[in-house]
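Just below is one structure, and these are the notes that go with it.
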Amino acid sequence: MKKVLFVHHGSIAGGAPLSLLYTALGVKDKGYIPEVALVSPSKELHQLYNKHGIKTYEIPYVPIFIVWSNYCPSWFSVRGLRDIVSTVIKWKVSQNKFVEFLRNKNFYLVHLNSVS
């Protein structure tokens, strides 16, 4: 069977975790094996997916640069510049770790769920 990895960027709050769960269950119904990688892991997220038989992984080394309507600091603010610099500094190490993770798990398809 072919494995599909869903990468979830956020917390348990909001609709994204449930939307991803329903999509993963739909993929499961079609004969694929859904698995979820958590950028911001928590006990609640693991439980949400695991209770439906979906394996979870933790990938907290993936940096997140948030550009949402409710959180979008100015590019030139101290906070905005700090976030940009932090993401750039972590990028190469994160990229290498994530590529290694993907190679070791041999996924058929990877769905980033707004993580870029």
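This structure is a prediction, so every number in the text was calculated from the model and none was measured.
Both the sub-6.0 Å distance and the 45° axial angle are not jointly satisfied by Lys3 relative to the ring of Tyr108.
Counting only residues at least two apart or in different chains, side-chain hydrogen bond (donor to acceptor under 3.5 Å, both in side chains) contacts with residues 26-35 comprise Glu35-Tyr57.
Closest of all the heavy-atom pairs between Pro17 and Ile12 is CG-O, 3.4 Å. Here the shortest heavy-atom pairing between Leu20 and Val7 reads CD1-O, 4.3 Å. Shortest non-hydrogen contact noted between Phe98 and Val62 is CD1-CG2, 4.5 Å.
Here the side chains of Pro41 and Pro60 are in contact, with some heavy-atom distance below 4.5 Å. A heavy-atom distance below 4.5 Å is not found between the side chains of Phe107 and Phe6. Proximity of Leu21 to Val36: side-chain heavy atoms (C-beta onward) are nowhere separated by under 4.5 Å. In this structure, the side chains of Val110 and Leu102 come closer than 4.5 Å at one or more pairs of heavy atoms. Side-chain contact check for His8 versus Leu45: some heavy-atom pair is nearer than 4.5 Å.
Within the hydrophobic cluster formed by Ile, Leu, Val, Met, Phe, Trp and Tyr side chains joined at under 4.5 Å, directly or through other members, Ile33 is accompanied by Met1.
Linking ILVMFWY side-chain heavy atoms closer than 4.5 Å, directly or via other members, places Val93 and Ile59 in two distinct hydrophobic clusters.
With sequence neighbours excluded, the residues that form a side chain to side chain contact (heavy atoms under 4.5 Å, CB included) with Asn50 are His46, Thr56.
Remark: the backbone N or O of Ser19 is paired with a side-chain donor or acceptor of Thr23 at under 3.5 angstrom.
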Check: Where do Tyr49 and Leu25 land on the side-chain contact (heavy atoms from CB on, under 4.5 Å) test, with the steps shown first?
Finding: CA-CA 10 Å; Tyr49 300 112; Leu25 291 174; over 6 Å; no
Next item on the list: Walk me through it: do Leu109 and Val27 pass the test side-chain contact (heavy atoms from CB on, under 4.5 Å)?
Entry: CA-CA 11 Å; Leu109 181 69; Val27 163; over 6 Å; no
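Taking OH of Tyr61 as the reference point, atom CG of Asn96 lies at 10.5 Å (rounded to 0.5 Å). Atom CD of Glu100 is separated from atom NZ of Lys105 by 10.5 Å, given to the nearest 0.5 angstrom.
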